[in-house]
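Quick notes on the structure that follows.
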Amino acid sequence: MMEDELNQEMENQQIIDIATGYFLKETNGDEAAAEEMLAKLATMVQEPGVKLVHLNNILFLVIVRGQGAVEVHTMAAEANPVDMVDGFKKLAAYLQNIGVKMAYTYTNDRRFARIARQTKLPIREVKENIDGEETYIYIVEF
């Protein structure tokens, strides 16, 4: 096997391991549900305008939502705040480099506010009530 193929195979396995760990955590250890979520992710990333970006021990699902606008979802089974901050900074640089003008993500996890501040990116926070749940939308414009 060529070195590039071996590296790609190792990268693919690391991506699968991160996503599987994240989905297991999200489903409280329900392996069948985690496998189903992994299969849905595999289908999604084959669609146009959907990309999986692997930085550090974090996966970012990037979905094009309009001209120059993307929605970002974060998956990490285990990631410390320093790695998360670094990953978001690298993702922002990548998105800006490919011409993205605005990126957003949303969560009801207040820990994300601290991480967003630590990136020192121009992130705006908006609080919305989505499906009866208080949700925070984080928007960065480049």
Side-chain angles (χ1 to χ4, degrees), residues 1-30 33-142:
M1 189 179 290
M2 304 283 284
E3 187 174 337
D4 288 343
E5 290 173 340
L6 182 60
N7 287 340
Q8 185 61 51
E9 191 173 305
M10 288 172 51
E11 170 84 4
N12 290 344
Q13 187 58 54
Q14 189 176 22
I15 288 169
I16 291 168
D17 291 347
I18 293 169
T20 300
Y22 174 77
F23 293 141
L24 281 170
K25 187 172 79 175
E26 290 296 304
T27 62
N28 295 316
D30 184 336
E35 284 294 322
E36 186 177 319
M37 293 171 85
L38 188 61
K40 285 180 184 177
L41 177 63
T43 300
M44 281 184 75
V45 297
Q46 294 175 22
E47 296 176 16
V50 179
K51 181 169 180 63
L52 201 57
V53 179
H54 176 210
L55 299 168
N56 300 336
N57 198 25
I58 307 163
L59 299 177
F60 296 99
L61 180 65
V62 179
I63 305 168
V64 175
R65 292 296 187 198
Q67 184 69 29
V70 297
E71 178 178 324
V72 177
H73 297 274
T74 308
M75 291 172 269
E78 298 296 326
N80 66 48
V82 172
D83 286 344
M84 292 294 283
V85 168
D86 184 56
F88 276 103
K89 286 180 177 178
K90 288 177 180 176
L91 179 67
Y94 166 76
L95 293 174
Q96 196 170 11
N97 191 47
I98 62 170
V100 171
K101 301 292 180 212
M102 190 262 299
Y104 68 90
T105 192
Y106 51 89
T107 184
N108 55 6
D109 186 345
R110 292 303 294 151
R111 292 178 297 177
F112 192 83
R114 188 178 75 244
I115 291 169
R117 279 192 305 275
Q118 290 175 347
T119 65
K120 298 200 183 339
L121 294 168
I123 297 175
R124 189 166 38 105
E125 179 184 290
V126 178
K127 185 167 54 170
E128 295 274 333
N129 190 326
I130 300 176
D131 297 330
E133 202 170 326
E134 193 172 80
T135 303
Y136 296 86
I137 303 168
Y138 297 90
I139 304 163
V140 63
E141 296 181 73
F142 304 107

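No hydrogens, no waters, no symmetry mates; every other heavy atom, side chains included, goes into these values.
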Would a 4.5 Å heavy-atom cut-off, applied to side chains only, mark V50 and V64 as touching? no

Side-chain heavy atoms of V100 within contact of F142, under 4.5 Å: yes

Hey, what do you get for CG (L52) to CE (M44), rounding to the nearest 0.5 Å? 9.5 Å

Taking all non-hydrogen atoms of both residues, which atom of D109 and which atom of T107 are closest, and how far apart? N-OG1, 3.0 Å

Decide if atom NZ of K25 counts as having more than 12 heavy atoms of other residues, nucleotides or ligands within a radius under 6.0 Å. yes

Does R124 count as lying over the ring of Y138, i.e. NZ or CZ under 6.0 Å from the six-ring centre, within 45 degrees of the axis? no

Taking the side chain as C-beta and beyond, is there a heavy-atom pair between V53 and Y94 under 4.5 Å? yes

Passes side chain to side chain contact (heavy atoms under 4.5 Å, CB included), T105 versus I139? Steps please. CA-CA 7 Å; T105 192; I139 304 163; over 6 Å; no

Distance, nearest 0.5 Å, that separates CG of N57 from CE of M84: 10.0 Å

Do K101 and E141 make a side-chain contact, defined as non-hydrogen atoms from C-beta onward lying under 4.5 Å apart? no

Whether the E71 and Y106 side chains hold a donor-acceptor pair (N or O, under 3.5 Å, no angle test) is what I'd like checked. yes

Look up atom CG in L41 and atom CG in L38, then write down how far apart they are to the nearest 0.5 Å. 6.5 Å

Start with the C-alpha distance between R117 and E125, add both sets of side-chain angles, then the distance that settles salt bridge (charged side-chain N to carboxylate O under 4.0 Å, His left out), and finish with yes or no. CA-CA 10 Å; R117 279 192 305 275; E125 179 184 290; 5.7 Å; no

Mind running side chain to side chain contact (heavy atoms under 4.5 Å, CB included) on T135 and N129 for me, showing each step along the way? CA-CA 6 Å; T135 303; N129 190 326; over 6 Å; no

Between N56 and D86, do the side chains contain a donor N or O and an acceptor N or O under 3.5 Å apart? yes

Give the C-alpha distance, both sets of side-chain angles, the deciding distance and a yes or no for side chain to side chain contact (heavy atoms under 4.5 Å, CB included) between L91 and V62. CA-CA 10 Å; L91 179 67; V62 179; 4.3 Å; yes

With heavy-atom distances below 4.5 Å as the criterion, would you say the side chains of V70 and L95 are in contact? yes

Would you call V82 and V85 a side-chain contact if the rule is heavy atoms closer than 4.5 Å? no

Side chains of R114 and F112: closer than 4.5 Å at any heavy-atom pair? no

Ring center gap for F60 and F88 short of 6.0 angstrom: yes

Can you name the nearest heavy-atom pair linking V72 to A103, along with the distance? CG2-CB, 4.4 Å

Give the minimum heavy-atom separation between I58 and G87, together with the two atoms involved. CD1-CA, 4.4 Å

Do K127 and E134 sit within salt-bridge range, that is, some charged N less than 4.0 Å from a carboxylate O? yes

Around atom CZ of R111, are there more than 12 heavy atoms of other residues, nucleotides or ligands at under 6.0 Å? no

What do you reckon, is CD of Q67 surrounded by more than 12 foreign heavy atoms closer than 6.0 Å? no

Minimum side-chain heavy-atom gap L61-T74 below 4.5 Å: no

OG1 on T27 to CD on E36, rounded to 0.5 Å: 10.5 Å

For the atom pair CD1 (I130) and CD1 (I137), what is the distance rounded to the nearest 0.5 Å? 4.5 Å

After noting the C-alpha distance and the side-chain angles of Y104 and R65, does the key distance pass the side chain to side chain contact (heavy atoms under 4.5 Å, CB included) rule? CA-CA 10 Å; Y104 68 90; R65 292 296 187 198; 3.5 Å; yes

Look only at the side chain of T119 and the backbone of A116, and say whether a donor-acceptor pair between them is shorter than 3.5 Å. yes

If you measure from CD on E9 to CD on Q14, what distance do you get to the nearest 0.5 Å? 13.5 Å

Exercise: identify the closest heavy-atom pair between K89 and Q118: CE-O, 4.2 Å

